[in-house]
Number of protein chains: 4
Amino acid sequence: MAPRSDEQFEQIRQQSRKNIQETALELFARQGYHSTTISQIAKAAGVSKGLMYNYFASKDDLLQKLVEEEVEAGVFALELAQQSFLPPYQQLELIVEETIRAVQTDVRHWKLLTTLSMQEEVMQQVKELLPQKMKESMALMIELFAKMGVPNPETEAWFFGATLDGLFLHYLTAQGTDIVYPLESMKQKLLSRYVAYKATNS
Amino acid sequence: MAPRSDEQFEQIRQQSRKNIQETALELFARQGYHSTTISQIAKAAGVSKGLMYNYFASKDDLLQKLVEEEVEAGVFALELAQQSFLPPYQQLELIVEETIRAVQTDVRHWKLLTTLSMQEEVMQQVKELLPQKMKESMALMIELFAKMGVPNPETEAWFFGATLDGLFLHYLTAQGTDIVYPLESMKQKLLSRYVAYKATNS
Amino acid sequence: MAPRSDEQFEQIRQQSRKNIQETALELFARQGYHSTTISQIAKAAGVSKGLMYNYFASKDDLLQKLVEEEVEAGVFALELAQQSFLPPYQQLELIVEETIRAVQTDVRHWKLLTTLSMQEEVMQQVKELLPQKMKESMALMIELFAKMGVPNPETEAWFFGATLDGLFLHYLTAQGTDIVYPLESMKQKLLSRYVAYKATNS
Amino acid sequence: MAPRSDEQFEQIRQQSRKNIQETALELFARQGYHSTTISQIAKAAGVSKGLMYNYFASKDDLLQKLVEEEVEAGVFALELAQQSFLPPYQQLELIVEETIRAVQTDVRHWKLLTTLSMQEEVMQQVKELLPQKMKESMALMIELFAKMGVPNPETEAWFFGATLDGLFLHYLTAQGTDIVYPLESMKQKLLSRYVAYKATNS
DNA sequence: TATGAATGAGATTTCATTCAT
DNA sequence: CATGAATGAAATCTCATTCAT
C-alpha cells in the first residue's frame, strides 16, 4: 500500500538498466549494431520495447553508454599493473597477461569495440573517447618502458602497443574459423623482447 | 566475332560498374555499410537507383563484390614481393614498404575491410573469405622467414603479421585525430628485428 | 457530521486537484494539448503520474474539466456588468474594460480557449459548450443594446462581439512578436461608437 | 522503354505532391494536426505511407509547407483590391467581399490557420510568418484608409482588421452548430461605417 | 492515498527494391 | 539500357494508462 521507497525504486532502475545494457551488448557484439533491433533486445531482456526508452533516450544513446563503459574497462589492465607496484618488467608481464585474459574472456565485446573504433558513423562522443584513451594508455606505457631502461621508450611503447593489438586483431579474426591462433607463443615472443630488462634487482 | 558495338557496350558496362563500386566503397568506408543508402550511392555515382540493380543483384551483393576485390588487393604486396625474386630480407622490406604505402594511400578502403572483418553481421561469404586470405598470407610469410633462416618461422610469421596489422590498426584509429602516428619509425623498428638475417647470401 | 480528518482530506484533495489543473492549463496553453504529456504535467505539478488518475479519469477528462471552468470564467464580465445595475452605457464600458483586463491578465488561458474552439478534434462536450456560452453572451448583449436604445440591437450585439473578439484575436496573435498592439485606442474607438447613447437617462 | 522525360517526371511529382498536400490540408483542418496520422493521409490520398517522405521530410515539414502556402493566400484579397485601381471605398468593398467569399468557400482551411496561429507548439517558421503577414496587411490597409481620407488611418486600419477577423472568428465558431451567423448584415454594418467616404469622385 | 516502473498499441520514419515508361 | 516515383515491410520511438507495492 505504501509506495516503494526511493531506494527500492533506485534498485529496480539499476537492475532494469543493467539487464537492458547487458542484453544489448551481447546482441550488438553478436549481430552488429544495425542488425540488432530494439524488439530483439527487448525480447531477449524480457521487457517491453517501450521500457528501453525509460533508460536510454534512443538506440544510439544505448550504444553510446555501452561503449563508454567498455572503453573505461579497456585501460583496466594498465591501471591494475601500475597500482601493483611490481618491478617494471613484471608489470609488463601483468599487462600482457591481464589483457589476453580479458580479450579471451569477452571476445564479442572486443570485437564490438574494435569495429566501432573503425566506424566513422559512430557518434561523435565515442569518436572522441577512443583516441583519448589511446593517449592515456600510451602515456602509461611510455613511463613503464622508461623505468625499465629501454632506449627510446616512446617508440617502444607504440611498437609494443601495436603488436599487442595486432595479436588481438588476428585472434579475434581467427575466432569462429578453423584457425587456431597461437596466442600463448605470441605472448612469450612479445615478452622475450624485453626479457633483458628483467633482472633489475640482481 | 561479336560485332564491335557489343564490345563497346561491354566496355561501358565495365566502366559504369566500376564507377558504382568505387563510389560505394568510398561511402561504405566513410559512413559504414548500413548507414549508406542505395540512393546516396546512386546520386554520388551519378546514376539512377534502378541502374544499380543492373549490375548488382542487391545492396548485399554490391558489398560482396566489393570486398572480394579488396581482399584480392590485400595480398598484392606479398605476391609482388614473391615474384620479385629478391633476396628474402629485401622481400620483407618490400612487403613492409608496399603495405604501408597501400594503407597510407587508401585509408578508407582499409578501414572498411578491417571493420567488415569484425562484423559477424556481414554476409557469410565475406566471413569465409578473410580467414582464407589470412591463411594464404601466412603460408607465404612462413616460407619467407624459413628462407631467411629465422628460427621458428611459423611463430615468427604470426608475430610479424600481428605487428604489421597492429601498426595499421593504430594508424587507422589515429586518422582524423590529433595523434601523429610514427609510421616510419615503426617500420624501421619492425625491420630491425630481422636485420641480422640480411647478409645471408653474401 | 463527518470527522474533521475527512474535511482535511477533502481540502487537500481540492488543493491537489487545483494544482494539477492550473499546471495543466499553463502547459496546454504554452505547448498545445497534444504536445503536453501527462509526465510533464505531473512533474511540473510535483505529483506522481499515478496520482493524476485519482483526480481525472484521463487526459481528455482533464482537458474537459479545465475548459468547463475556463468557459464559465469567460462570461464573468458580462454577468458582473449585469449585476452592477449601472446605466446601460456604463455597463458596456465595464464589459469592455473587464474583458480587456481579463485577457491581458491571462493571455495563455485565452489562447487555449480560442485554439480549442477551433479544433474539431477536441471532445464533443467541449464543442457543445462554446456555442452555448456564445448564445448566452449574445442574449445578454442584445438586451443591453436594446436598453440603450440602439437600433437593431441584435445585429449590433453581433457586431460589437465580433469587434471585441477580433481585438483579442489580434492582441493574442501579436503577443510574443515585436508588434505593439494598440489595445487602449481600440477600446476607445469601440466605445466611441456608442457614446451617443450615453446620456439616455439624464 | 525509353525513360520518362524530365518534364514527365516533374509533372508526376507536382501531381503527387499536390495530391498529398491537399489531402493533408483537408484532414488537418477537419481533425487537427495531431489527430491526423500519416496513415490516414496516405490512405485518403490513395498512396503509400512511404511516398509522403519523397515529398516532405516529415509530418512537421508537411504542415509547414501547407501553412506557408495558406498564409500566402491570406493576403490575396488585399493585393487583388490594390491592383484593381478602383476608388478606395470600392477597394474596401472588394476586400470585404473577397475575404468573406474566401472564408465561406474554405471554412476548414481558415479554421486550421486560426488554430495554428494560436498554437505556440507550431514550428518556428510559421510563428514568424504570421506576424509578418499581419504587418504587410496592415500597411496596405493603412494606405487605403489614408487615401479615403479617414482620420487616424492607422487606428482605423487596426479597428477594421479586428472587426473583420472577429466576424470570421465568430462565423467559424458558429459553423457546425445551430447558430446561423448573420454574415451579410455584418458586412453591411462594417462597410456602412465608411460609406461617408464613398463619394470621392462626385 | 501515492508512487513511478512497466506496458503495448500505435505513431512516425526509413529504405531496399520494383516497375511502368 | 536507364529512370526515379512508388511501394511496403520493418524499424524506431511515444506516451496514456496500469498496477504492484
Side-chain angles (χ1 to χ4, degrees), chain A residues 1-6 8-13 15-17 34-42 46-60 62, chain B residues 9 12-13 16 34-43 47-62, chain C residues 9 12-13 16 34-43 47-62, chain D residues 1-6 8-13 15-17 34-42 46-60 62:
Chain A
M1 251 200 196
R4 272 176 270 230
S5 68
D6 280 5
Q8 281 174 315
F9 276 130
E10 185 53 28
Q11 202 183 338
I12 291 171
R13 282 190 68 83
Q15 222 154 18
S16 264
R17 192 191 170 87
H34 285 104
S35 302
T36 303
T37 70
I38 295 289
S39 291
Q40 284 172 357
I41 298 171
V47 298
S48 70
K49 262 188 298 192
L51 190 61
M52 224 213 66
Y53 294 89
N54 271 355
Y55 298 101
F56 305 95
S58 64
K59 196 185 168 189
D60 262 15
L62 170 57
Chain B
F9 271 135
I12 291 169
R13 270 192 72 86
S16 205
H34 284 101
S35 300
T36 302
T37 69
I38 291 284
S39 290
Q40 283 172 357
I41 299 170
K43 178 176 268 185
V47 300
S48 73
K49 263 188 293 193
L51 189 59
M52 306 228 0
Y53 288 85
N54 274 341
Y55 297 106
F56 304 96
S58 65
K59 194 187 173 188
D60 270 9
D61 180 54
L62 171 56
Chain C
F9 271 137
I12 290 169
R13 271 191 73 86
S16 206
H34 283 102
S35 301
T36 303
T37 69
I38 292 283
S39 291
Q40 282 172 356
I41 299 170
K43 178 176 269 184
V47 299
S48 72
K49 264 189 293 195
L51 189 59
M52 306 230 357
Y53 288 86
N54 273 341
Y55 296 107
F56 305 96
S58 66
K59 194 188 173 187
D60 269 9
D61 181 55
L62 171 56
Chain D
M1 249 196 194
R4 271 176 271 229
S5 68
D6 280 4
Q8 282 174 315
F9 276 131
E10 185 54 27
Q11 203 183 338
I12 291 172
R13 282 190 70 81
Q15 223 152 20
S16 264
R17 194 192 168 86
H34 285 102
S35 302
T36 303
T37 69
I38 295 289
S39 292
Q40 283 171 357
I41 298 171
V47 298
S48 70
K49 261 187 299 193
L51 189 61
M52 224 213 65
Y53 293 88
N54 270 355
Y55 297 101
F56 304 96
S58 65
K59 195 186 169 189
D60 262 15
L62 171 57

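Protein chains get the first letters and strands the later ones, always in sequence-line order, with residue 1 at the start of each. Small disclaimer: the values here were computed from a predicted structure and weren't measured.
The nearest heavy atom of DNA chain E to A:Val47 and to C:Val47 marks one nucleotide each, and the one closer to the 5' end goes with C:Val47. Along DNA chain F, the nucleotide nearest to D:Glu10 and the one nearest to B:Tyr55 differ in position, and the one closer to the 5' end is contacted by B:Tyr55.
The distance between atom CZ of D:Arg4 and atom P of E:dT21, rounded to the nearest whole Å, is 6 Å. Computed from coordinates, the D:Asn54 CG to F:dT3 C1' distance equals 14 Å when rounded to whole Å. Whole-Å rounding puts the B:Lys43 NZ to F:dT3 P distance at 14 Å. In this structure, CD of B:Gln40 is placed 13 Å from C1' of E:dA16, rounded to the nearest angstrom. Between D:Asp6 atom CG and F:dA2 atom P there is a gap of 16 Å when expressed in whole angstrom units. Rounded to whole Å, atom P of F:dC15 lies 16 Å from atom CG of C:Leu62. As a whole-Å value, the separation of A:Gln11 CD from F:dT21 P is 14 Å. Rounding to whole angstrom units, CG of residue A:Leu51 and C1' of F:dC13 are separated by 14 Å.
Distance CE/A:Met52 to OG/A:Ser16: 12.5 Å, rounded to 0.5 Å. Of the inter-residue distances, the one linking D:Leu51 atom CG with D:Asn54 atom CG reads 5.0 Å to the nearest 0.5 angstrom. Interatomic distance, B:Ile38 CD1 to B:Ser58 OG, rounded to the nearest 0.5 Å: 8.0 Å.
Counting any heavy atom pair closer than 4.0 Å across all strands shown, B:Phe56 reaches no nucleic acid atom. Counting any heavy atom pair closer than 4.0 Å across all strands shown, D:Ile12 reaches sugar-phosphate atoms only and no base atom.
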Annotated structure of DNA chain E as dot-bracket, pair cut-off 3.5 Å, Watson-Crick or G-U only, | for inter-strand, is .||||||||||||||||||||
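Between the B:Lys43 side chain and the B:Lys49 main chain, no donor and acceptor come within less than 3.5 Å of each other. Judged purely by atom type and a 3.5 angstrom limit, A:Gln15 has no side-chain atom pairing as donor or acceptor with the backbone of A:Ile12. Of the possible polar contacts, none joining the A:Arg4 side chain to the A:Phe9 backbone as a donor-acceptor pair under 3.5 Å is found. With hydrogens and angles disregarded, a donor-acceptor distance shorter than 3.5 Å links the side chain of D:Lys59 to the backbone of D:Thr36.
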Per-nucleotide protein contact along nucleotides 9-14 of chain E, 5' to 3', at a 4.0 Å heavy-atom cut-off (B base, S sugar-phosphate only, - neither), is -BSSBB
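A 6.0 Å sphere centred on CD of D:Gln11 holds no more than 12 heavy atoms belonging to other residues, nucleotides or ligands.
Using a 4.0 Å cut-off, no side-chain N or O of A:Arg13 falls inside it from OP1 or OP2 of E:dG4. The side chain of A:Ser48 contributes an N or O atom lying less than 4.0 Å from OP1 or OP2 of E:dT7.
Between D:Leu62 and D:Ile41 the shortest side-chain heavy-atom distance falls below 4.5 Å.
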